[in-house]
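Notes for the one structure printed next.
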Amino acid sequence: LFAATPVGAHGNGLGSGGLTQGGFEPDQCTGYADERRPDIHAYAVAHGVQAGGWNGNMWGVFAARAGLPTGGTPVAGAIASFQGGTYGHVAYVESVNANGSYVVSEENYGPSEWNNGNEEPGYPDAPDPSIRTIYATPPGTVFIYGGSAGNASPGGGGNPGGGATP
């Protein structure tokens, strides 16, 4: 289950103040991803990708379009772009466990915080960012490498990211 609020084609967030470096609402998953990996959006926009419309399910698409390394294997420091729900979701990969599961930190995930697009009383973004372990990667998930995740996808290959020229 993904809780998300759509990001318009000409904007990155919902609010007009207190936005992240990339212009995202910090209470959203996209804002948290931009706070943890500001290099992704900045690099993509600098390389011709649109600045707006970065819903969670579009991060992997836009990063790949910019030439950033992407793949299907979690790596610490990567951003995971999940396809579930209408707008998808993004999370930061904190660590990968020996059994293949991985730990993510994220904003605005799950039904406990949002109900029908409105923040529920008693959940003023707490306990965000939340931490959870993912044991099975949902179909279609794209991991964005580069930056703190290293310059290539696991097993070699891939393009440099995080500000490097692909």
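FYI, side chains are in, hydrogens and waters are out, and symmetry mates aren't considered; it's all heavy atoms of this structure.
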Indicate yes or no: at least one non-hydrogen side-chain atom of [X] is less than 4.5 angstrom from one of [Y].
X: Glu106; Y: Cys29; result: no
X: Glu25; Y: Leu19; result: yes
X: Pro138; Y: Gln83; result: no
X: Asn97; Y: Tyr102; result: no
X: Tyr109; Y: Arg132; result: yes

Please name the pair of heavy atoms, one in [X] and one in [Y], separated by the smallest distance, quoted to 0.1 Å.
X: Ser95; Y: Ala76; result: CA-CB, 4.1 Å
X: Ala91; Y: Val104; result: CB-CB, 3.8 Å
X: Pro38; Y: Gln21; result: CB-OE1, 3.9 Å
X: Ser105; Y: Ile131; result: CB-CD1, 3.4 Å
X: Ala63; Y: Trp54; result: N-CH2, 4.4 Å

Rounded distance (nearest 0.5 Å) linking atom [atom1] of [X] with atom [atom2] of [Y]:
X: Thr70; Y: Ile144; atom1: OG1; atom2: CD1; result: 7.5 Å
X: Trp59; Y: Leu68; atom1: CH2; atom2: CG; result: 10.5 Å
X: Met58; Y: Thr30; atom1: CE; atom2: OG1; result: 13.0 Å

Has the side chain of [X] got a donor or acceptor atom that lies under 3.5 Å from a matching backbone atom of [Y]?
X: Arg37; Y: Gly146; value: yes
X: His89; Y: Gly84; value: no
X: Ser81; Y: Gly56; value: yes
X: Gln50; Y: Gly52; value: yes

Treating Ile, Leu, Val, Met, Phe, Trp and Tyr as nodes and any side-chain heavy-atom pair under 4.5 angstrom as an edge, say whether Tyr145 and Val142 lie in one connected cluster.
-> no
Following the transitive rule for hydrophobic clusters with a side-chain heavy-atom cut-off under 4.5 Å over Ile, Leu, Val, Met, Phe, Trp and Tyr, establish whether Val45 and Val90 coincide in one cluster.
-> no
Any chance the rings of Phe62 and His41 have centres within less than 6.0 Å?
-> no
Please confirm whether Tyr87 and Phe82 have ring centers closer than 6.0 angstrom.
-> no
Between Arg36 and Glu94, does at least one N-O distance fall below 4.0 Å, as a salt bridge requires?
-> yes
Given Val93 and Ile79, is the side-chain contact (heavy atoms from CB on, under 4.5 Å) satisfied, shown in steps?
-> CA-CA 6 Å; Val93 180; Ile79 292 292; over 6 Å; no
Residue set satisfying side-chain hydrogen bond (donor to acceptor under 3.5 Å, both in side chains) with Thr20, at least two apart, ordered chain then number -> Asp34
